[in-house]
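A short write-up of the structure that comes next.
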Amino acid sequence: MVGREHDPTFDLAGRVAIVTGGAGLLGVEHAAALLSAGATVFIADVRIDVARDAASALARSHDGRAHALSLDVGDPASVRAALAAILVLSKRVDILVNNAAIDAKVAADGLRETSRLEHFPLDAWDREVRVGLTGAFLCSQTFGSHMAANGGGVILNVASDLSVIAPDQRLYRKDGVPDERQPVKPVTYPVIKTGLIGLTRYLATYWAEQGVRVNALSPGGVQVDQPAEFVDRIVTRIPMGRMANSADYRGAVVFLCSDASRYMTGQNVVIDGGRSLW
Ligand SMILES: NC(=O)c1ccc[n+]([C@@H]2O[C@H](COP(=O)([O-])OP(=O)(O)OC[C@H]3O[C@@H](n4cnc5c(N)ncnc54)[C@H](O)[C@@H]3O)[C@@H](O)[C@H]2O)c1
């Protein structure tokens, strides 16, 4: 009997990766995917306690290759300190996954619907852009420069299906609420996610000759604890008829971070059950 062959281009043994926002729902999945392919992974997050718990659980099942790192992606000094800390332990960084973001809430403040454009607070805009877009820029600047000076690497920007389509505000409608108070997906989220695609293209061409490849992954929504009414509405807009499971992106993360995608840069891989087709 012939054994299964392992494609070495997907192998990440010896590579060192950092996943920002690594303590969150998808960050842990990205980390697990990279660990399973053989990488050493730094789970970097402002929530250091959660990052530590995630890293110690993953380290047990992956030969101690998972580590936690305190990081605020919106603070340049914190980003530089994170690189320095990794270099002490691992000497190099090969993979940066820009995954940290603040999920803009579809929520009322009791008096008015602050998610709506007319009332959307500037401090919320600044806070969300700082993490989701400025944070990806700062991490790319520091880690990408390191990679460019050290023979190359990979940056993966985690965007969203809202990098290619507009939010469908009908998904969030509440019966009996006047139009001007209807909740909406805030303007920040699609702006940040679309901006990440521009950053992806810019960095991909900027560092192509230095061997730094830069791509984006645009996931569709993961089903967690959303109200049943929302899930019932959104699945009718997804050709495959379901929201994502959190593990659905693992294969794409390994592909995009490994030599399996070695001739690919500057692209946006949309994995959304077909939602953006309708
Ligand atoms: N979950 C989904 O359905 C979905 C769908 C499409 C895209 N995405 C994108 O995937 C990524 C991960 O989403 P998620 O669902 O795991 O979100 P999440 O909220 O579970 O995780 C985000 C993580 O980022 C961390 N974080 C926040 N601010 C930070 C900062 N300043 N510095 C470092 N870390 C910070 C948080 O502590 C958290 O652990 C995000 O970019 C999100 O926009 C998620």
Side-chain angles (χ1 to χ4, degrees), residues 18-33 42-55 68-83 85 96-106 124 126-140 142-143 155-165 167-168 171 185-186 188-197 199-200 216-226 230-231 234-235 238 242-250 252-253 256 268-273 275-276:
I18 172 170
V19 179
T20 73
L25 175 73
L26 285 182
V28 169
E29 295 289 341
H30 306 330
F42 288 82
I43 296 171
D45 207 290
V46 276
R47 297 185 302 153
I48 185 61
D49 291 347
V50 188
R52 278 203 190 102
D53 289 348
L69 196 60
S70 175
L71 171 67
D72 177 353
V73 294
D75 173 1
S78 173
V79 174
R80 286 193 295 269
L83 174 62
L96 163 66
V97 182
N98 280 318
N99 169 78
I102 295 175
D103 187 15
K105 290 291 172 236
V106 179
D126 287 342
R127 190 170 55 246
E128 289 163 20
V129 170
R130 182 103 194 154
V131 175
L133 192 52
T134 310
F137 157 67
L138 291 171
C139 289
S140 299
T142 291
F143 287 92
I155 298 175
L156 179 59
N157 292 321
V158 179
S160 157
D161 53 5
L162 295 185
S163 73
V164 291
I165 57 173
D168 185 344
L171 289 170
K185 187 75 176 174
T188 35
Y189 197 78
V191 167
I192 289 164
K193 295 310 187 181
T194 309
L196 279 177
I197 307 307
L199 181 67
T200 300
L217 170 64
S218 282
V222 176
Q223 186 165 359
V224 275
D225 52 4
Q226 296 93 343
F230 172 86
V231 176
I234 197 169
V235 295
I238 301 172
R242 67 169 177 88
M243 294 185 75
N245 299 315
S246 55
D248 282 344
Y249 306 111
R250 284 189 182 200
V253 167
L256 291 166
N268 181 18
V269 176
V270 181
I271 302 186
D272 64 352
R275 176 160 179 216
S276 52

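What you see is a predicted model; the values in this text were computed from it and never measured. In each ligand, atom 1 is the first atom listed, and ligand 1 is the first ligand listed.
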The answer for which part of V73 has a heavy atom under 4.0 Å from ligand 1 is both
K193-ligand 1 polar pair, N/O distance under 3.5 Å:
yes
Next on the checklist: Between ligand 1 and G220, can you find any atom pair, the residue atom being a heavy atom, that is separated by under 4.0 Å?
Outcome noted: yes
Closest to atom 40 (C) of ligand 1 among protein heavy atoms sits N99 O, 3.2 Å
Test item: I271 and L217 side chains (from C-beta on) under 4.5 Å apart, heavy atoms: yes
For ligand 1, is G132 a contact, meaning one of its heavy atoms is under 4.0 Å away? no
Side chain to side chain, N98 and F137, heavy atoms closer than 4.5 Å: no
Looking only at protein heavy atoms, what sits closest to atom 19 (O) of ligand 1 is A101 O, 4.6 Å
Exercise. Answer yes or no: is there a side-chain heavy-atom contact under 4.5 Å between V253 and L156?
Key: yes
Taking only non-hydrogen atoms of L71 and a 4.0 Å limit, the atoms of ligand 1 in range are 32 (N), 33 (C)
For G24, the atoms of ligand 1 under 4.0 Å from one of its heavy atoms are 16 (O), 20 (O), 21 (O), 39 (O)
Considering only NZ, NE, NH1 and NH2 on the basic side and carboxylate oxygens on the acidic side, decide whether R242 and D248 come within less than 4.0 Å.
yes
For atom 42 (C) of ligand 1, the closest protein heavy atom turns out to be Y189 OH, 3.5 Å
Yes or no: does G135 have any heavy atom under 4.0 Å from an atom of ligand 1?
no
For atom 20 (O) of ligand 1, the closest protein heavy atom turns out to be L25 N, 2.9 Å
**Report entry** Side chain to side chain, L196 and L199, heavy atoms closer than 4.5 Å
**Finding:** yes
Among non-hydrogen protein atoms, atom 35 (C) of ligand 1 lies closest to V46 CG2, 3.5 Å
**Flag: protein heavy atom within less than 4.0 Å of atom 17 (O) of ligand 1** = no
Atom 39 (O) of ligand 1 sits nearest the protein heavy atom D45 OD2, 2.7 Å
Does ligand 1 come near enough to V222 that some N or O of the ligand is less than 3.5 Å from an N or O of the residue? yes
- Message: Any non-hydrogen side-chain atom of I165 less than 4.5 Å from a side-chain atom of S276?
- Response: yes
Closest to atom 7 (C) of ligand 1 among protein heavy atoms sits A159 O, 3.2 Å
Checking heavy atoms under 4.0 Å, the part of A244 that sits near ligand 1 is neither
Within 4.0 Å of some non-hydrogen atom of D72, the atoms of ligand 1 are 30 (C), 31 (N), 32 (N)
A student checking ligand 1 against V158 at a 4.0 Å heavy-atom cut-off should list atoms 9 (C), 10 (O), 11 (C), 41 (O)
A student checking ligand 1 against A100 at a 4.0 Å heavy-atom cut-off should list atoms 24 (O), 34 (N), 35 (C)
protein heavy-atom neighbour closest to atom 44 (C) of ligand 1 works out as L26 CD1, 3.6 Å
In ligand 1, the atoms that come under 4.0 Å of a heavy atom of G221 are 3 (O)
